[in-house]
Amino acid sequence: MNTDTLTGTATDLGGKLKEGIGAATGDKTLQSEGKADQLGGKVQQTYGEAKDAVEETIRPVIDYVRQFVRERPFASAALGGVLGIALINTLRGK
């Protein structure tokens, strides 16, 4: 869990509170602000969860590649050269 997820959750909760107070007092503006805060909080919370998902998915791949490069430097250089040539040929349209 990161700060975006926590902040989004707090903003969503604050928005629910605002909406409830606005509904109890009959203040439509406060009620609307609460709904807007809830939406913003949910968006930020979703962004934080997506960041966590990417971190959990990508981090092991990066760690594996770093370990591979440390253990097999010549194979890594050869693989990098092959990928570079393939990329150049792809960009040239061959």
Side-chain angles (χ1 to χ4, degrees):
M1 188 173 286
N2 59 41
T3 57
D4 289 312
T5 306
L6 293 173
T7 305
T9 303
T11 304
D12 181 38
L13 187 62
K16 287 180 183 177
L17 185 63
K18 265 187 184 178
E19 183 184 8
I21 292 171
T25 60
D27 187 353
K28 298 290 184 189
T29 305
L30 189 61
Q31 201 171 2
S32 297
E33 285 177 12
K35 288 182 181 181
D37 287 350
Q38 287 179 48
L39 180 62
K42 287 186 190 308
V43 168
Q44 190 170 12
Q45 185 179 8
T46 303
Y47 171 72
E49 290 170 357
K51 256 175 54 174
D52 285 341
V54 168
E55 177 70 22
E56 291 170 5
T57 304
I58 299 297
R59 180 59 54 197
V61 173
I62 292 172
D63 291 342
Y64 176 76
V65 169
R66 283 183 180 155
Q67 180 182 357
F68 182 84
V69 169
R70 269 189 243 115
E71 293 175 356
R72 299 174 188 94
F74 295 114
S76 300
L79 182 61
V82 169
L83 290 175
I85 291 170
L87 179 64
I88 289 170
N89 286 335
T90 301
L91 293 175
R92 289 190 334 184
K94 291 187 177 185

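Values below: all heavy atoms of this structure, side chains included; hydrogens, waters and symmetry mates excluded. All values reported here derive from a predicted model rather than from experimental measurement.
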Inter-residue atom distance Asp63.CG - Ile58.CD1, 0.5 Å rounding: 11.5 Å
Going from CG on Leu17 to CG on Asp12, what distance comes out if it is rounded to the nearest 0.5 angstrom? 11.5 Å
Which value, rounded to the nearest 0.5 Å, describes the distance between Thr5 atom OG1 and Glu49 atom CD? 5.5 Å
Among residues at least two apart in sequence or on other chains, which ones pass side-chain hydrogen bond (donor to acceptor under 3.5 Å, both in side chains) with Gln31? none
Distance, nearest 0.5 Å, that separates CD of Gln67 from CZ of Arg72: 8.0 Å
Please check: side-chain N/O of Asn2 versus main-chain N/O of Gly48, any donor-acceptor pairing under 3.5 Å? yes
Leu79 side, atom CG; Phe74 side, atom CZ - distance, nearest 0.5 Å: 15.0 Å
Nearest heavy-atom approach of Val69 to Ser76 is CA-OG, 3.3 Å
The side-chain hydrogen bond (donor to acceptor under 3.5 Å, both in side chains) partners of Lys51 (sequence neighbours excluded) come to Asp4
OG1-CD distance between Thr3 and Gln44, expressed to the nearest 0.5 angstrom: 8.0 Å
